[in-house]
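Written out below as C-alpha cells is the structure these notes cover.
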Amino acid sequence: MSEKILMRATNVTAVYAGEEGADVPAVDNVTLEVPEGEILGLAGESGCGKSTLGNALAMIANPPLYVLGGQMEIDGQSIGLTTLGKSANARHRPYRGQVVSMLPQGAMNAISPTLRIRRLVCDVVHAHHKDMPRSEILDRASDRLDMLGMPKRVLDQYAHQLSGGMKQRMVTVISTLLDPHLLIADEPTSALDVSSQKQLIEMLLAMVEAKIMRGVIFITHDLPVLSMVTDRLAIMYAGKIVETGRTEDLVHQARHPYTSALLAAVLDPTEATRTKHVLGIPGAPPNLGHPPTGCRFHPRCAFVKPRCSAAEPAFRDEDGHLVACWWAEANPGVTVPVEVNLA
Amino acid sequence: MTETAPAPAGAAAAPVVLAADHVTKQFRVAGGKLTAVDDVSVEFREGQVLAVVGESGSGKSTLARMLLRLLPVTSGAVLYRGRDITRIKGADLRRYWHDVQAVFQDPFASFNQFFTVGHMLRRSLQTADLGGETAEQRIERCLGYVGLKPEDAVYKYPHQLSGGQRQRVMITRALLVDPKVLVADEATSMLDASLRVSVLNVLQDLRRDLGLTVLFITHDIGQACYFADQVVVMEHGQVVEHGPTDDVIFNPQHSYTKRLLADVPNLKGSLKSQRLG
Ligand SMILES: Nc1ncnc2c1ncn2[C@@H]1O[C@H](COP(=O)(O)OP(=O)(O)O)[C@@H](O)[C@H]1O
Ligand SMILES: Nc1ncnc2c1ncn2[C@@H]1O[C@H](COP(=O)(O)OP(=O)(O)O)[C@@H](O)[C@H]1O
Ligand code: SF4
Ligand SMILES: [Mg+2]
Ligand SMILES: [Mg+2]
C-alpha cells in the first residue's frame with residue numbers, strides 16, 4: 001500500500017522554559033505523520049505532552065513554551081517548526097489557520113456567551129483575510145452548515161443559547177472555514193455527553209469525507225472515542241511517542257505494555273467490563289523535568305528488565321506498526337498479554 | 001463477577017440505609033420554574049454500590065445535594081435509616097453529616113493550596129469521636145484504605161499530588177469520621193482512565209471491607225458497569241429505569257437507556273468503516 005502522506009513532522013522538541021535553566025522538555029524528539037484523508041489519534045495520560053505537541057505542530061507555541069527543533073513537510077512545503085529567532089512568528093503566521101488549524105482544548109467555553117455566532121465567524125475569518133466582505137464570509141459559513149446538515153439559524157443565535165454539543169460543533173466548523181490542510185482538535189469531545197460526542201465525531205467524519213480538510217490529528221485520552229473515529233493511533237508517554245500504527249492493530253494487538261495498560265483500563269458498558277478487575281498502572285507519570293533513564297515507562301512496567309533503565313529502546317517497524325520497547329523487541333509480533341493488567 | 005453483583009435475594013435482604021421518597025426540586029429561573037428533580041423515589045441498601053447515571057442536566061447532582069442535606073427539597077422526604085431527616089437541625093444534622101459523606105468532582109477546588117494534606121485531614125477530625133485512637137492513628141488507618149502511606153501525603157501540599165492521589169486524599173477525608181454512606185458525585189470524571197480505575201477499586205474495597213454504602217453519580221455508564229450493584233437512570237429529573245446493573249445495562253427497557261448505551265463509544269468498532277459501508 002503506497003499511501004500519500006499529507007503531513008510528516010520530524011524530530012519535534014518543545015520545552016517549557018523554567019527558572020534557572022530548569023526547562024521541562026514536554027515533547028522530546030517526536031516524529032509523526034498523517035496520511036492523506038486520514039484521522040490520527042494522539043492518546044496518553046494527562047500531562048504526557050499531547051497539547052504541547054499539538055501547539056508545536058499548529059505553530060502557536062507561546063512563551064514559556066519554545067519549540068527547539070522540528071521540521072514539518074505538508075503539501076509539498078517544508079516548514080521549520082522552531083520558535084527560536086525573531087522571525088519565527090512572521091514565518092509561521094501564513095500557515096496558521098490555513099495550512100494547519102488548531103481547535104484548542106476548551107475552545108467552546110472560551111466563547112463569550114453574549115457573542116452572536118455570526119460575529120464570531122467574521123472575527124475568525126477576518127483574522128486571516130482582513131478584507132473579505134462579511135456577506136461573503138456568512139455565505140460561506142451557511143453553505144458549510146447546510147452541507148453538514150446543521151441548522152443555519154445558529155448563525156443568528158448567541159453562544160449562551162446553544163447547547164454544549166452544538167457549541168462544540170460550531171467551533172469545529174468555524175476552525176475549518178478556511179479549508180486547512182490539517183486540523184488539530186485538542187480534546188474536542190472530553191466535555192460532552194455521549195450523544196453529543198457521537199454527533200461531533202460523525203460531523204468530523206463527514207468533513208473529512210467532503211475533503212474540507214485533508215487530515216486530522218485528534219487529541220484525547222479517551223481511547224474508545226479514538227477507536228471510533230481514527231484510522232491510526234499514536235500513543236504518547238512522558239513526552240515521547242511509544243507506539244503508533246493502524247487503530248485496529250493497536251487496539252487488538254497492542255505491542256507496547258503502556259498501550260496495553262491503557263486499553264485494559266477502558267470501562268465500556270460490556271460483559272467484559274462487568275467481570276474484569278483492572279489493576280491500574282502502578283505509580284504515577286514522571287516529572288518531565290527529570291524523566292527516568294532508558295525507557296521512561298520502566299518504573300511502572302510489568303515487563304521491566306535491567307536493560308530497560310539502561311538504554312532507550314529504538315523504534316521497531318513491523319509493517320507500519322511502530323513500537324519502542326525492549327520487550328517488544330525480544331517478542332516480535334507478539335501482542336502484550338492483557339492479563340498482566342488484570343487481577 | 002459475583003462479588004460485585006450480589007444475588008438479588010441478598011440485595012433485597014440488606015436494610016435500606018438512605019432513601020429519597022417522592023423528592024422534587026424546583027429552581028426559580030428567569031421566566032418561570034425549572035423542575036431539576038421530579039418526584040424521585042430511590043432506596044440505597046446497606047453495603048451496596050448504587051450508581052445514578054444520566055446526561056448532564058438530568059438532575060443527578062441536585063438529587064445528591066438534597067440527599068446530603070446541602071439543598072432543601074421542594075417537596076418529598078429524605079429518609080435515613082427509616083427516619084425523616086428532611087428538616088433536622090443542629091446536633092442532629094451534624095451527626096447526619098458525619099454519617100453521610102461526600103466526595104466531589106474536582107479535588108483541587110476543595111483543597112486549600114496553603115495547607116498541607118495533614119493539616120487539612122486533622123481539621124476534619126476536630127469534631128469526630130476518635131474512640132481511643134489518636135488523630136495520627138486515625139489518619140494513617142484511613143490513608144491505608146485508599147492505598148496511601150502517611151509519608152506519601154501528610155507533609156505534602158495539594159499541588160505536589162497527582163490527580164489520582166488528590167482524589168484518594170478526598171476519600172480519606174470523607175472516611176475519617178467513620179461514615180456509613182459515601183456520596184461520590186462525578187468523583188472520578190476528571191481522572192484519566194487508569195487512575196479512574198484505581199479509585200473505583202478503592203471504593204469497591206471500602207464497600208467490601210467496611211460495609212460502606214456508596215452512591216456513585218456519573219454520566220459514564222461504563223464506570224457503573226464496572227462496579228455498581230444497582231443502576232438508576234435519570235432523564236430530565238425523572239428516574240426512567242432502575243434495577244440490578246446486569247438488567248439495566250444488558251437488558252435495558254427504557255428507550256432513553258437504550259439510546260444512552262447505543263451512543264457510548266467502544267473499542268470494537270470504527271464509525272468510519274461503518275459509514276463507508
Ligand atoms: N505553562 C506551562 N509551564 C510549564 N510547564 C508546563 C506548562 N504547561 C504544561 N507544562 C508541562 O508540560 C507537560 C505536558 O503538558 P500538556 O502538553 O498540556 O499535556 P497533555 O495535553 O498530554 O495533558 C506537563 O506535564 C507539564 O509538566
Ligand atoms: N442552583 C440552581 N439554579 C437554577 N437551576 C439549577 C441550579 N442547579 C441546577 N440547576 C438546573 O437543574 C438541572 C439539573 O442540574 P444538575 O442536578 O446539576 O444535573 P446533573 O448533575 O445531572 O448534570 C439543570 O437544568 C441545571 O441547569
Ligand atoms: S522497554 Fe522495558 S520498561 Fe519500557 S515498556 Fe518495554 S519492557 Fe517495559
Ligand atoms: Mg492537553
Ligand atoms: Mg452533576
Side-chain angles (χ1 to χ4, degrees), chain A residues 38-39 44-48 163-164 189 191-199 201-202 204-206 208-209 221-231 247-248 251-252 258 261-285 300 341 343, chain B residues 1-5 53-58 147 161-165 188-202 204 218-228 231 245-246 248-250 252 257 259-276:
Chain A
E38 291 205 351
I39 303 181
E45 285 168 292
S46 64
C48 72
S163 68
T189 50
L192 302 180
D193 282 320
V194 289
S195 310
S196 309
Q197 282 185 346
K198 192 167 180 189
Q199 286 174 309
I201 288 173
E202 296 201 312
L204 265 180
L205 289 170
V208 172
E209 273 170 39
H221 59 266
D222 190 336
L223 283 173
V225 163
L226 289 182
S227 101
M228 310 287 295
V229 70
T230 61
D231 301 283
T247 301
E248 60 271 26
V251 167
H252 300 294
Y258 179 61
L262 288 182
L263 286 165
V266 166
L267 305 177
D268 46 11
T270 59
E271 301 271 358
T273 295
R274 190 83 190 121
T275 50
K276 74 181 174 184
H277 185 79
V278 186
L279 293 172
I281 309 174
R300 309 174 72 191
N341 306 299
Chain B
M1 197 169 9
T2 45
E3 66 175 45
T4 58
V53 303
E55 291 181 295
S56 65
S58 58
L161 302 176
S162 70
Q165 285 175 325
T188 50
S189 299
M190 306 264 281
L191 302 178
D192 284 330
S194 56
L195 288 173
R196 178 181 297 160
V197 105
S198 6
V199 173
L200 298 184
N201 289 345
V202 165
Q204 198 169 21
T218 180
H219 64 277
D220 178 3
I221 206 162
Q223 293 184 60
C225 181
Y226 183 61
F227 87 131
V231 175
T245 304
D246 290 293
V248 173
I249 296 184
F250 302 124
T257 317
R259 179 169 69 80
L260 211 54
L261 282 160
D263 287 347
V264 177
N266 59 59
L267 290 173
K268 282 204 293 280
S270 136
L271 271 178
K272 190 167 186 178
S273 49
Q274 285 169 31
R275 286 170 67 90
L276 297 175

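This one's a predicted model, so the numbers in the text were calculated from it and none came from an experiment. Each chain gets a letter, A, B and so on, in the order the sequences are listed, and its residues count up from 1.
Atom-to-atom distance recorded for A:Leu223:CG and B:Asn266:CG is 12.0 Å, nearest 0.5 angstrom. B:Asp192 contributes atom CG, which lies 5.5 Å from atom CD of A:Glu45 (distance to the nearest 0.5 angstrom). For the atom pair CG (B:Leu261) and CG (A:Asp268), the distance works out to 11.0 Å, reported to the nearest 0.5 Å. Between the CD1 atom of A:Ile201 and the CG atom of B:Asp263 there is a distance of 10.0 Å, given to the nearest 0.5 Å.
For A:Asn341, no part lies near chain B; criterion is any non-hydrogen pair under 4.5 Å. Heavy atoms of B:Ile249 lying under 4.5 Å from chain A belong exclusively to its side chain. Contact annotation for A:Val251: only side-chain heavy atoms (C-beta onward) come within less than 4.5 Å of a heavy atom of chain B. Proximity to chain B involves both the backbone and the side chain of A:Ala206, based on heavy atoms less than 4.5 angstrom apart. Residue contact with chain B, scored on non-hydrogen atoms closer than 4.5 Å, is absent for A:Gln199. Of the two parts of A:Glu248, neither the backbone nor the side chain holds a non-hydrogen atom closer than 4.5 Å to a non-hydrogen atom of chain B.
Applying the side chain to side chain donor-acceptor pair (under 3.5 Å) rule to A:Ser196 yields no partners; only residues at least two apart in sequence or on another chain are considered. Remark: B:Glu55 engages A:Asp193, A:Ser195, B:Tyr256, B:Arg259, B:Leu260 in a side-chain contact (heavy atoms from CB on, under 4.5 Å) (not counting sequence neighbours).
Put simply, of A:Ala264, A:Ser227, A:Ala261, the one with the most heavy-atom pairs under 4.5 Å next to chain B is A:Ser227. The candidate from A:Asp222, A:Ile281, A:Thr270 with the greatest count of non-hydrogen atom pairs under 4.5 Å with chain B is A:Thr270. Your options are A:His252, A:Lys198, A:Gln197, and the one with the most heavy-atom pairs under 4.5 Å with chain B is A:Lys198. In terms of heavy-atom pairs under 4.5 angstrom with chain A, the leader among B:Ser198, B:Gly147, B:Ala193 is B:Ala193.
When every heavy atom of A:Thr273 is checked against every heavy atom of B:Tyr226, the shortest pair comes out as O-CD1, 3.6 Å. Across A:Met228 and B:Pro265, no two heavy atoms sit closer than the pair CG-CB, 3.7 Å.
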> So A:Val194 and B:Ile221, side chain to side chain contact (heavy atoms under 4.5 Å, CB included) or not? Walk me through it.
Replying inline: CA-CA 10 Å; A:Val194 289; B:Ile221 206 162; over 6 Å; no
